[in-house]
Engineer: 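Quick one: the structure is below, and I'll ask about it shortly.
A note on names: the letters A, B, ... follow the listed sequences, proteins ahead of strands, and every chain is numbered from 1. Computed from heavy atoms alone, side chains included, the values below leave out hydrogens, waters and symmetry copies. Not measured: the values here are computed from a predicted model.
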Amino acid sequence: MSESVYNKKFKEHKSVHPVDIEKEVLDFWKREKIFEKSISSREGAPAYVFYEGPPSANGMPGIHHVLSRTIKDIFCRYKTLKGFQVHRKGGWDTHGLPVELQVEKVLGITKKDIGTKISVEDYNTKCREEVMKFKDAWDDITQKMGYWVDLEHPYITFDNDYIETLWYLLKELYKKDFLYKGLKIQPYSPAAGTGLSSAELNLPGCYKMVKDTTAVAQFKLQSPFPKHLADIEGDVHILAWTTTPWTLPSNTALAMGKNIEYVLVKTINPYTHAPLNAVLAKVLMSNFFHPEQENKDFSTYQQDGKNIPYKVLASFKGAELAGLSYEQLLPFEANTKEHIEGDAFKIILGDFVTTEDGTGIVHIAPSFGADDMKVAAENGIGSLTMVDKEGKFIDGMGPYSGRFVKDYKDEPNYVSVDVDIVIQLKKENKAFKVEKYEHTYPHCWRTDKPVLYYPLDSWFIKVTAVKERMIELNKTINWKPASTGEGRFGMWLENLVDWNLSRSRFWGTPLPIWRTEDGEEEICIGSVAELRSEVLKSVAMGFMDAPLADDFDLHKPYVDQIILTSSKGTPMKRESDLIDVWFDSGAMPYAQIHYPFENKEQLHQVFPADFIAEGVDQTRGWFYTLHAISTMLFDSVAYKNVVSNGLVLDKNGNKMSKRLGNAADPFQTLGKYGADATRWYMISNSQPWDNLKFDLEGIEEVNRKLYGTLYNTYAFFSLYANIDQFSVVEEQIPLSERPEIDRWVISLLNTLVKNVDAFYADYEPTKATREIQTFVNDHLSNWYVRLCRRRFWKGEYSKDKIAAYQTLYQCLETVARLMAPVAPFYSDYLYKCLHTELDDAASVHLGLFPEVDFVAINEDLEKRMDIAQEISSMVLSLRKKQSIKVRQPLQRIMLPVVREGFVEQVEQVKELILNEVNVKEIEYVNDTSGIVKKRIKPNFKVLGKKLGGKMKMAADAIQQFSQVEIQQLENAGNKELYLDGERFEIALEEVEIFSDDIEGWLVTSNNGITVALDIHLSDSLLNEGLARELVNRIQNERKDAGFFVTDYIKIHVEENESIKDALIEFKQYICGETLAKDLYMVSSLPEAKEMDINEVMVRILIEKI
RNA sequence: AGUCCCAUAGCUCAGCUGGUUAGAGUACUACACUGAUAAUGUAGGGGUCGGCGGUUCAAGUCCGCCUGGGACUACCA
């Protein structure tokens, strides 16, 4: 091994692609089992509990998964660095409709074919295969994106053990009386013969515009009328509008608004021309009557249905009619009152009644509307279900018996029942207005036929019983953002309805309830063992042939083959439903450890979670089901902190979709730009809960700006550190002995650590990344390194030099650890480059988060460096305006002193400023000199409070103060001011005074600081400028010639009058800067390169010694 | 229909409890720099802070309404 290589402690790399670095780091993690060690090394430390929301592996991972998993990863890694032990068990969501659909697509079958073309057994086997179809792709992306999660021992929702825990939980709910079977109005597709979930209803294209025949029906009020209607002549009719006339035979009530103003109107039926007394909402009268027809003579009516006269007879609130009875609108033998359980044909009050359309009175058919059912139940009103599950009228419905309410069978001559019913109403003087109406209506996504709302038997979880507790517990959860917890989730809890568990499907967790045929007896099974022992009873009874096999599969169709035995010895069959897959995922805290059959005592170690994170779309999904189950069964929250992230949109803000081809492929993205850049971009670009407009150019920018800068900074460091053989283990130079700029950057670094730590702890990763970025780019690279460059390559291995190395080293090393949660690859790479003294298995992820050294934080220091930067920037700007290049030294800058302490501040950073702007001295001008012009501005915040309405006037007056007046105010400390003749006293603290200009100087001012630049050039300054130009050319020449930065040279310069003085005066300087042993002036150098030194052509030759 | 989020420079975003030239990065243009070159510095143009109304001496910031984008829930005569 050659000596030079041996000396290179710090890896120097030539242009390494981020993706290559990540590959290297990934190999290292695998080889050294870093992930496993990051957990095992924290054995005995306090746990930080995280739940992985299980993805479904039957689809390819998308770019949005990279976002949500980055968020999860960040906080798990952060807490690990903070010393916690963070287990992360992976999981797979395997049940449910999407899986079934996929299988049907693959096999080319539909639901109808199950049981005929394919057995349930084969179908479910296929589901089991299909659901893990893309597991490899998921594992791949998980690794490539640097997401640390335990893929070796994931929980899988279709496992028997998992299902057994679900059964246990269900039985616990059952025992608490939280599980019940009930009739609920649910979306139902008669054409498909199945209930639909709301998710299915919300599939794209399900809501379609349809044109329906609608009717305003007349419901005849029964006498006796209430007192205020007592003297009405003839019948009174209530008008109610419906878009589904086929529900009218099932009407059992009318709903009015309690506080809605109604009127009784005397008018004429437009179809039969019979006189009519009608009740409707006052504000909706104009929908039915022309104002000019009010109080018109009824005898002039033309019997044509037009220009109907009317007269308002009475006005009253809906509450006054509540409880009145009316005659059934469409009586048949099957829908008489005897068929109704409960009251019927009454006027009731409902909150949901509005006067937006119709008549302000709602026709109630409890069987066909959820609202209807609810309000009916509240008022003791029974229901009529005159339509069967095929969507046709039942027998005993006169001419309508057997007719389909919508065209479910594609009958060639289908005649609308709605139309026929309306015709009947018209004929019978029961229709006030009939018209076509266009609105959206849900359709079954499979059959394209309209959905009905239909009463279906379902199993429910009585979450409403713990509603208050759920609301209470929710208040203890830290939501990010808070608005989702209070708003979307909070509102959802406020309007909670019981959880409909039933799903009539094939691939899912079976409901473990067996019932006798008459429903008299039922049993809820809570474990496999219990099932096993129940089966034995059935075997004894002869209902079953054999006990349960050891490897019995708890899925359909096998569970359905089990018949249990009631206490009376009658057979019990399983309720055929499967349960909502959301129960699967909501139960994962317990099911992932097979609680309570295993790990019973360990539950408190993994429950509740400290942290979960998923997309905001999970608010009423997983976030809800976790919360519901934990509240009901454990009276606890399931998670303490939750981050709900927004969507990933395309760069134009449109939703990504495969169909539109604007979906970003995560594999491509990671492959091209690397995981760290992608992760950093996603987190730093927008807050997690805002939608992310995903733009590849942004990722490129991260690579260029952040990693590029870090890379350069490290490369700079390693280049010189190796030359000087800098060592980490050297004794640290105390901060107090380091120069101002070192103390400054260390102060900033500690402030950074403090803030970043707080941001991570507060689940604010975006703020953390932005703060790190600012430090790396603006402070470390663009100021510290730029200003300190000379310290690294100039001179001996002095104390100052060591201080510089130690300072820069500490910054880089700390940054690596700060960014480790977000950029796990690059941070580890950098960390290892910096820690050559550690063994090969060291990793940033096994270390600890940096500690803040509060003593090192010095706000005054940070403040005066701000001033230094401000002054430097202004001087450079002035130079620019005069086209004086920075290489040309200038004599002095002048700073007006307007504030006490200003001089002291500047003095401490004087050298930095002078070096940066290449100026010899700073001169301070006191305002007493009279050459400084001042500007005054009121302090609005202070003065506004004092003056209130007079503020504007005062501002104008103050800004117009003359120089003399400003001086007076400064001297006296206050000054009187007359506004509108009123006297006010203005104190010095209530205004801000700036120096604005210095007469006769080149001046600029900003942020209250003014700088004047002396641009006079003496011969000596000019010569020094020339010398610097020479140095610059020689340095370039060195570089072009490929000399190493430590090589010594000799310089030959052809004699030239214009630069002769400069060469003589600054020979030492030139040689020192260019590592030249000597500089020779020669009369002729024909072979040398000609160089332009301030428009003078000079021949210079350099050679290595 | 309800609830929530978002709207500031061409693009991506800051802007704390209301306080007076509305900022940064990026892109563009010009100049400079070149022993960090995946750079860097300086200057420049570019904004009725989505619209309307209100509160206030003062509104990008607070309130109301509306428009547009997005999400979720529900679906109603």
Side-chain angles (χ1 to χ4, degrees), chain A residues 15 187 198 201-202 207 214 216 240-244 247 255 352-354 356-365 369-372 439-442 453 481 483-484 486-492 495 615-621 646-647 649 651 653-655 684-687 689-691 693 695 697-698 701 703-705 707-709 711-717 719-720 766 770 773-774 777-778 781-782 785-786 789-790 792-793 873 876-877 879-881 883 885-887 937-945 947-955 1032 1035-1036 1038-1039 1043 1045 1073-1074:
Chain A
S15 218
S198 56
L201 229 48
N202 279 309
Y207 280 85
T214 69
V216 173
W241 183 52
T242 180
T243 55
T244 51
T247 60
F352 58 90
V353 179
T354 67
E356 268 165 34
D357 45 23
T359 63
I361 297 150
V362 180
H363 136 68
I364 299 293
D371 271 348
D372 301 37
H439 61 143
T440 58
Y441 195 84
Y453 289 85
S483 61
T484 299
E486 286 158 21
R488 188 180 290 190
F489 195 61
M491 292 306 231
W492 169 252
N495 298 312
V616 68
D617 52 330
Q618 293 294 337
T619 306
R620 290 161 182 189
L647 301 181
L649 308 172
K651 64 175 178 182
N654 298 312
K655 215 174 148 175
S684 64
N685 187 66
S686 61
Q687 304 253 67
W689 34 91
D690 286 340
N691 291 341
K693 286 185 196 163
D695 188 356
E697 276 179 43
E701 195 181 313
N703 264 335
R704 225 179 26 244
K705 294 290 293 180
Y707 297 116
T709 306
Y711 165 89
N712 271 330
T713 309
Y714 171 75
F716 174 84
F717 167 82
L719 174 65
Y720 295 109
T766 306
R770 286 179 181 172
Q773 214 162 284
T774 304
N777 282 322
D778 298 356
S781 169
N782 289 349
V785 173
R786 197 156 57 80
R789 264 166 19 199
R790 282 179 75 85
F792 290 90
W793 52 262
S873 161
L876 291 173
S877 159
R879 279 180 167 277
K880 167 76 188 166
K881 268 184 202 140
S883 307
K885 45 177 80 173
V886 182
R887 271 201 294 271
K937 201 178 80 177
N939 183 333
F940 282 84
K941 204 165 184 169
V942 178
L943 217 48
K945 289 209 172 74
L947 298 179
K950 296 270 193 304
M951 184 63 215
K952 214 162 223 165
M953 225 185 294
N1032 166 254
Q1035 299 287 34
N1036 284 345
R1038 280 184 62 119
K1039 202 178 173 190
F1043 297 172
V1045 291
E1073 290 298 303
T1074 59

Engineer: Taking the same atom, P, in B:A27 and in B:U42, what whole-Å distance lies between them?
Structural biologist: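 Result for the P pair: 16 Å, nearest Å.
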Engineer: In this structure, how many angstroms lie between the P atom of B:U56 and the CG atom of A:L947, rounded?
Structural biologist: 18 Å
Engineer: Let's test your reading of the model: under 3.5 Å, does the base of B:A36 pair with the side chain of A:S781 as donor and acceptor?
Structural biologist: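 For A:S781, whose side chain was compared with the base of B:A36, there is a donor-acceptor pair (under 3.5 Å).
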Engineer: When rounded to the nearest 0.5 angstrom, what distance separates CG in A:L876 from NZ in A:K885?
Structural biologist: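 It comes to 15.0 Å.
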Engineer: Have a look at A:T214 and say if it touches a base, only the backbone sugar-phosphate, or nothing, with a 4.0 Å heavy-atom cut-off.
Structural biologist: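 The answer is nothing, as A:T214 stays clear of every strand by at least 4.0 Å.
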Engineer: State whether A:K885 places a side-chain N or O below 4.0 Å from either non-bridging phosphate oxygen (OP1 or OP2) of B:C33.
Structural biologist: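 So the side chain of A:K885 is within the cut-off, an N or O lying under 4.0 Å from OP1 or OP2 of B:C33.
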Engineer: Scan A:N1036 against the nucleic acid and name what it touches under 4.0 Å (heavy atoms): base, sugar-phosphate only, or nothing.
Structural biologist: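 If one applies the 4.0 Å heavy-atom cut-off, A:N1036 turns out to touch the sugar-phosphate alone, with no base involved.
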Engineer: Need one value for A:G944: base, sugar-phosphate or nothing, where a base atom within 4.0 Å counts as base even if backbone is also close, heavy atoms only.
Structural biologist: base
Engineer: Tell me which nucleotide among B:C13, B:G41, B:A36 gets nearest to the side chain of A:L876.
Structural biologist: B:G41
Engineer: Please give, in whole Å, the distance from B:A14 C1' to A:D690 CG?
Structural biologist: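 Nearest whole value for this atom pair: 12 Å.
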Engineer: Side chain of A:K937 only, heavy atoms from C-beta on: which candidate in B:C57, B:A36, B:U20 is closest?
Structural biologist: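 Looking only at heavy atoms from C-beta outward on A:K937, the closest nucleotide is B:U20.
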Engineer: Measure the distance from CE on A:M951 to P on B:U20 and round it to the nearest whole Å.
Structural biologist: 10 Å
Engineer: What's the spacing between A:T713 OG1 and A:R786 CZ if we round to 0.5 Å?
Structural biologist: 12.5 Å
Engineer: For A:Q1035, report the nucleic acid contact type (base, sugar-phosphate, nothing); a contact means any heavy atom under 4.0 Å.
Structural biologist: base
Engineer: What nucleotide, of B:G19, B:G41, B:U26, holds the atom closest to the side chain of A:R786?
Structural biologist: B:G41
Engineer: On RNA chain B, nearest-nucleotide positions of A:Q687 versus A:K952: which is more 5'?
Structural biologist: A:Q687
Engineer: Would you mind classifying the nucleic acid contact of A:V616 as base, sugar-phosphate or nothing, using non-hydrogen atoms under 4.0 angstrom?
Structural biologist: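 The answer is sugar-phosphate, as A:V616 gets under 4.0 Å only of primed atoms, P, OP1 or OP2.
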Engineer: Between B:U17, B:C76, B:C13, which one does the side chain of A:Y453 approach most closely?
Structural biologist: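 Nearest to the side-chain atoms of A:Y453, counting from C-beta on, is B:C76.
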Engineer: Has the side chain of A:D372 got a donor or acceptor atom that lies under 3.5 Å from a matching backbone atom of A:A365?
Structural biologist: yes
Engineer: Heavy atoms from C-beta onward define the side chain here; which of B:A71, B:C13, B:A38 lies closest to that of A:N712?
Structural biologist: B:A38
Engineer: In dot-bracket notation, what is the pairing pattern of RNA chain B, taking Watson-Crick (N1-N3 plus N6-O4 or O6-N4) and G-U wobble (N1-O2 and O6-N3) contacts under 3.5 Å, with [ ] crossing and | for other strands?
Structural biologist: (((((((..((((.....[...)))).(((((.......))))).....(((((..]....))))))))))))....
Engineer: A:R704 has an atom CZ; how far is it from atom C1' of B:U37, in whole Å?
Structural biologist: 14 Å
Engineer: Which comes earlier along RNA chain B counting from the 5' end, the contact point of A:T1074 or that of A:T766, where each point is its nearest nucleotide?
Structural biologist: A:T766
Engineer: Please confirm whether the shortest side-chain N or O distance from A:N691 to OP1 or OP2 of B:C5 is below 4.0 Å.
Structural biologist: no
Engineer: Heavy atoms from C-beta onward define the side chain here; which of B:C13, B:A39, B:U20 lies closest to that of A:N685?
Structural biologist: B:C13
Engineer: Hey, is the side chain of A:K705 poking within less than 4.0 Å of OP1 or OP2 on B:U26, counting only N and O atoms?
Structural biologist: yes
Engineer: Rounding to an integer number of Å, can you tell me how far A:K693 NZ sits from B:G70 P?
Structural biologist: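 Taking atom P of B:G70 as the reference, NZ of A:K693 is at 11 Å.
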Engineer: Would you say A:S483 reaches B:C5's phosphate, i.e. side-chain N/O to OP1/OP2 under 4.0 Å?
Structural biologist: yes
Engineer: State whether A:R789 places a side-chain N or O below 4.0 Å from either non-bridging phosphate oxygen (OP1 or OP2) of B:A36.
Structural biologist: yes
Engineer: If we take the P atom in both B:G45 and B:A22, what is their distance in whole Å?
Structural biologist: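 About 13 Å, rounded to a whole number of Å.
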Engineer: Supply the atom-to-atom distance A:Q773 CD to A:T709 OG1, rounded to the nearest 0.5 angstrom.
Structural biologist: 9.0 Å
Engineer: For A:F792, which residues count as a ring pair (Phe, Tyr, Trp, His ring centres under 6.0 Å) partner, sequence neighbours excluded?
Structural biologist: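 In terms of ring pair (Phe, Tyr, Trp, His ring centres under 6.0 Å), with neighbours along the sequence ignored, A:F792 is linked to A:F716, A:Y805.
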Engineer: Please tell me which of the listed nucleotides, B:G19, B:C75, B:U42, lies nearest to the side chain of A:S873?
Structural biologist: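 Shortest atom-to-atom distance from the side chain points to B:U42.
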Engineer: Nearest 0.5 Å, please: how far is CG in A:L943 from NZ in A:K950?
Structural biologist: 13.0 Å
Engineer: Taking only residues two or more places apart in sequence or in another chain, which ones pass ring pair (Phe, Tyr, Trp, His ring centres under 6.0 Å) with A:W689?
Structural biologist: none
Engineer: Which atom names give the shortest non-hydrogen contact between A:T247 and A:H363, and what distance separates them?
Structural biologist: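 Result for this residue pair: OG1-NE2, 2.8 Å.
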Engineer: Take the protein atom NZ of A:K941 and the nucleotide atom P of B:C16, then report the distance between them rounded to whole Å.
Structural biologist: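 That distance rounds to 11 Å.
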Engineer: Which value, in whole Å, describes the distance between the C1' atoms of nucleotides B:U40 and B:U26?
Structural biologist: 16 Å
Engineer: Can you see if the side chain of A:K950 gets near the phosphate of B:C57 - specifically, an N or O under 4.0 Å from OP1 or OP2?
Structural biologist: no
Engineer: Under a 3.5 Å distance rule, please check whether A:E1073 uses its side chain to pair with a backbone N or O of A:Q1035 as donor and acceptor.
Structural biologist: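 Answer holds: no.
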Engineer: Mind checking the P distance from B:A43 to B:G25? Whole angstroms is fine.
Structural biologist: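 Roughly 11 Å separates the two P atoms.
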Engineer: Could you state the interatomic distance from OH (A:Y714) to CG (A:L719), rounded to the nearest 0.5 Å?
Structural biologist: 10.5 Å
Engineer: Whole Å only: how far is the CG atom of A:L943 from the P atom of B:U20?
Structural biologist: 13 Å
Engineer: Distance check, rounded to the nearest 0.5 Å: A:T774 atom OG1 versus A:N782 atom CG?
Structural biologist: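 If I round to the nearest 0.5 Å, the distance is 11.0 Å.
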Engineer: Checking contacts here: which listed nucleotide (B:C76, B:U20, B:G70) is nearest the side-chain heavy atoms of A:F940?
Structural biologist: B:U20
Engineer: Using a 4.0 Å heavy-atom cut-off, does A:N939 contact any base of the nucleic acid, only the sugar-phosphate backbone, or nothing at all?
Structural biologist: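 Answer is nothing: A:N939 stays at 4.0 Å or more from every strand.
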Engineer: Which whole number of Å gives the distance between the P atom of B:U61 and that of B:C16?
Structural biologist: 11 Å
Engineer: Over how many whole Å does the gap from A:N777 atom CG to B:U40 atom P extend?
Structural biologist: 8 Å
Engineer: For atom P, what is the distance between B:G18 and B:C33, given to the nearest Å?
Structural biologist: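 So the two P atoms sit 49 Å from each other.
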Engineer: Provide the distance between the two P atoms, one in B:C4 and one in B:C63, to the nearest whole Å.
Structural biologist: 12 Å
Engineer: For B:C49 versus B:A30, give the span between their C1' atoms, rounded off to a whole number of Å.
Structural biologist: 29 Å
